[in-house]
Amino acid sequence: MSERKIRVLVAKPGLDGHDRGAKVIARALRDAGMEVIYTGLRQTPEMIAAAALQEDVDAVGISILSGAHNTLCPRIVDLLAENGMTDTLVLVGGIVPEEDIDELKKKGVAEVFLPGTSTQDIVSFLNSNVRN
Amino acid sequence: MAEIKEELSEAKKDLERWEKETLEPVLERHPERKESFEGISLEPVERLYTQADVDDIIADHGSDLPGEYPYKRGIHPTGYRGKLWTMRQFAGFSSPEKTNARFKYLMGQGQTGLSVAYDLPALMGLDADSPLSEGEVGKCGVAVSSLADFEALFDGISLEDVTVSQTINAPAWIFLAFYIVVAEKQGADFRKISGTLQNDILKEYIAQKEWVYPIRPAMKLVIDTFEYCSEHLPRYNPISVSGYHIREAGATALQELAFTLRDGVEYVEYGVDRGMDVDSFVPRISFFFNAHNDFFEEIAKYRAARIVWAETMRKRFGAKNPRTLKMRFHTQTAGVSLTVQQPLNNIARVAIQALAGVLGGTQSLHTDSYDEALALPTDKAALIALRTQQIIAEETGVANTVDPLGGSYFVESLTQKMVDGCYDYFDKIDGFGGMVEAVEAGFPQREIQESAYQYQRAVERNEQTIVGVNKYSMDEKIHKVDILQIDEKVRDHQLERLEQTKTKRDSGAVETALEKLKKASVANENLMPATIEAVRQYATVEEICTALRDVYGVYEEPAF
C-alpha cells in the first residue's frame, strides 16, 4: 500500500508581496515528495483556514516578513482549531524577532524558521512531526 | 586591423606557452581548491584573464573614455573628482513625525539626500483604517493615508532645498500629487524641485508584487506622471526603473540587468506612443540597481548597463541628446545578502557591496544597516551604514580617479559578457511582443524563480558559502543586538489623524473631486491635474484608488 503523501499549504498572509521564500520552499517540499498547495499572495487568515480545510492538509506553512506575524499567525491557528483541525501543524517562516518566537509557540505555532534555514531542515521537521 | 590581429595572436600564443611551461607543472603538484569556480550568479569564472580576452571588445564600442558615448567608464569625465555620489539612506517607520525626526537626524550627520520608505498599506493603496491594514500600519515604513500625514512627514524640511526619493509604485501618482501640493504650500519654485519617484510598476508584476490595477492601466498612470513632470517639474525624475527588487527576488546579476533595462525600454516606448519626444522625457528616467556580494560581477553590471542603455537609446529610438544616452542610477546594497546569524558581519558585507557600487560609478547610494535581516534599523545601525559610505568616500582614495578598474582584463571581459547576455534577453522579450506581454506570459517571473531555487540548492550543497550560516556558524546568543521595536500604538495615532482629517475637510468638495477624477479616467485624460485637486481636498489614498478601481479593475496574479 502506498503511503499517503504529506500535504502542505504554503500561505502568504498580509499585504507583503515578497514571495521568494514561499516559492522556494513550495518547490523544495514538492521535490521532497510532498503535495504542496500555494495560496498565492494576500490571503486573509479566514481564506487560509478555509483553504487548509478544503485541501485537507497536514501542515500550513506561513511565510511572513512584514512584522505583522503577531496579529496574523495566532488568528490562523485559532481559525484552524475552529474548523476542528487541531492536528494540523502550523509553521512560520520569515523575519520574526526572537522575543516573539516563544509567544507564537505558546499560541499554537509548532515551529518558527528564521532566514538561513535549510529547506532540508523544514522537510525533516515535517517528516518527523506530521501524524501519519 | 592586421596589426591588432597579429598582437592578438601574440597574446594567445604567449598564453599557450604560459599554460604549458608555468601553469601545468604547478597544477600537477598543487591542484586548485575546486574543479570549477563560480560566482553568486552560478556563472563560471576563468582562472586568468589576459589581453587575449579583451582585444576583440575594445574595437566594438565607441569611446573608451569617460563622459563619452557609450559611457562605459562613466557619465562624467571627472568621475567623483567633481562631485561625490549622493549618500541617500532609505528611511521610514512608524508615524510621519518619527520619520521626520529620523530625516532631520540623518541630515545633521551629513546625509545629502532623503529617501522615504512607506508602509505596506500605503504601498498597496490602502488607508490606515482599512481592515486589511491591521498589523501593518507603520511597520515596514512610514504610514501615510492623506495629505495631512504628508505635511507632518516634511514639516520643517524645504522641498526646494533637498532632493527626496519616494519608494512608492502602484499609487505613485498620488504621492507625486502630495509632493506637489506640499511644495506649493511651502511656496517652492517648481523649476527647482528635484527628487525621484520610484513609480516602476513593471517590476512590481515581475518581482515585488505590490499592485493595485491590472498592468495596462497601471502603465497609463506611469506615463501620465512622465507627461506631467516634463511640463511642470523639469528637474524631477518621475521614475526609477528598478532592478533592486528583481535581484532580491532571486534573479542573477544578468537577469537583473536585462529585465531592468528592458523595463526601461518599455517605458520609453509607451512614452513615445503617447507622443512625447525621446530627447525631452528620457533624460529624466533614472535607474536603481542592487549591489550584491560578487564584487567584480556587480561592477561589470553597472558598466554594461551604461553601454546597453546608450546604445539602445541611440539605435532603437534615434536619441540625439547626450542626456538621453547617459544612464544615471541609484544603488542599494543587497538586503537579501544580510544574515540574521552573527549580524555584525553584515557591516563587512555592506562595505564591500557599497564599494562595488562606487567602482561601478553610481550616482547615489544607500548602504543597508547590519540589523536589517532582523527588523527596521536602529539609529545606531543606520549611522554605521552612513559612516561606511563616508569611509569609502573620504578614506580609501577610490574616488580620486575615474573608473579605476577600466582596462582590467577581468572586468572588461565580464562587462562585455553582461552586454551580450543582456541583448540576448532583449531578443527573447521582444519575441513576446514587449515587456508587458512577457510579464503577462510570466516569462521574467519564471526565470527569476528558477534562479532563486538553483541558488538555494547551491547553498544547501555548500557550493555557495554564507559565512555564519552554512560555514563558521556559532552559538547565536553571544551575537544578540538591540533591534528597533515599532510601537503598536502607531495605528491608533494614524487612525486619530485620519478621523480628524475626514471631519475637518469639506466632504462635498472631496466627492466632487473624486467624481471629476473618475470622469477624467473614463475620458482617458492625464489624471495628474484631477488627482492633485483631490489630494488638495484631503481625499485619502484609498479613496482615490477605489474611485479608479471601478474603471480599471483589479489585478489577479496568474499561477506561474
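Lettering follows sequence order; numbering is per chain, from 1.
- Interface remark: Ala373(B) contributes backbone atoms only to the contact with chain A (heavy atom separation under 4.5 Å).
- Taking a cutoff of 4.0 Å between a charged side-chain nitrogen and a carboxylate oxygen, Asp16(A) and Lys139(B) do not qualify as a salt bridge.
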Check the pair Leu42(B) / Thr252(B) against side-chain contact (heavy atoms from CB on, under 4.5 Å), numbers first and verdict last. CA-CA 8 Å; Leu42(B) 310 181; Thr252(B) 62; over 6 Å; no
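- The two residues Ile466(B) and Asn470(B) make their nearest non-hydrogen contact at N-OD1, 2.7 Å.
- Only the side chain of Asp19(A) comes within less than 4.5 Å of a heavy atom in chain B; its backbone stays farther off.
- Neither the backbone nor the side chain of Leu376(B) comes within contact range of chain A; no heavy atoms are under 4.5 Å apart.
- With chain B as partner, the option from Leu72(A), Leu41(A), Asn70(A), Leu114(A) having the largest number of non-hydrogen pairs under 4.5 angstrom is Leu41(A).
- Residue contact with chain A, scored on non-hydrogen atoms closer than 4.5 Å, involves the side chain of Glu557(B) exclusively.
- For chain A, the option among Glu204(B), Glu556(B), Met124(B) with the highest count of heavy-atom pairs below 4.5 Å is Met124(B).
- The contact between Leu132(B) and chain A is made by backbone and side chain atoms together, counting heavy-atom distances below 4.5 Å.
- Ring orientation note: the planes of Tyr205(B) and Trp211(B) are close to parallel, at an angle under 30° on the 30°/60° scale.
- Residues Arg42(A) and Leu15(A) share a closest heavy-atom pair of NE-O, 2.8 Å.
- Only the backbone of Thr117(A) has a heavy atom closer than 4.5 Å to any heavy atom of chain B.
- Looking only at side-chain heavy atoms (C-beta outward), Lys12(A) and Lys23(A) stay at 4.5 Å or farther from each other.
- With a 4.5 Å cut-off on non-hydrogen atoms, Gln485(B) touches chain A through its side chain but not through its backbone.
- Among Ser133(B), Ser473(B), Ala207(B), Gly250(B), the residue with the largest count of heavy-atom pairs under 4.5 Å with chain A is Gly250(B).
- Listed options Val24(A), Leu65(A), Val96(A), Thr71(A) were ranked by heavy-atom pairs under 4.5 angstrom with chain B; first place goes to Val24(A).
- Minimum interatomic distance between Ala334(B) and Asp368(B) (heavy atoms only, all atoms of both residues): C-OD2, 3.5 Å.
- By the 4.5 Å heavy-atom criterion applied to side chains, Leu484(B) and Pro377(B) are not counted as neighbours.
- Among all heavy-atom pairs drawn from Asn169(B) and Asn199(B), the shortest one is OD1-N, 3.2 Å.
- When each of His69(A), Glu98(A), Glu99(A) is scored by its heavy-atom pairs under 4.5 Å with chain B, the top score falls to Glu99(A).
- Relative ring orientation between Phe288(B) and Tyr244(B) is described as parallel, the plane-to-plane angle staying below 30° on a 0-90° scale split at 30° and 60°.
- Both the backbone and the side chain of Pro121(B) come within contact range of chain A, each with at least one heavy atom under 4.5 Å from a heavy atom of that chain.
- Of the atoms belonging to Glu210(B), heavy atoms from both backbone and side chain fall under 4.5 Å from chain A.
- Proximity to chain A involves both the backbone and the side chain of Glu450(B), based on heavy atoms less than 4.5 angstrom apart.
- When heavy atoms are compared at a cutoff of 4.5 Å, Val137(B) does not approach chain A at all.
- Contact tally against chain B (heavy-atom pairs below 4.5 Å) for Ser66(A), Gly21(A), Gly14(A): the top residue is Ser66(A).
- Two residues are said to be in side-chain contact when any heavy atoms from C-beta on lie closer than 4.5 Å; Lys5(A) and Asp58(A) fail this criterion.
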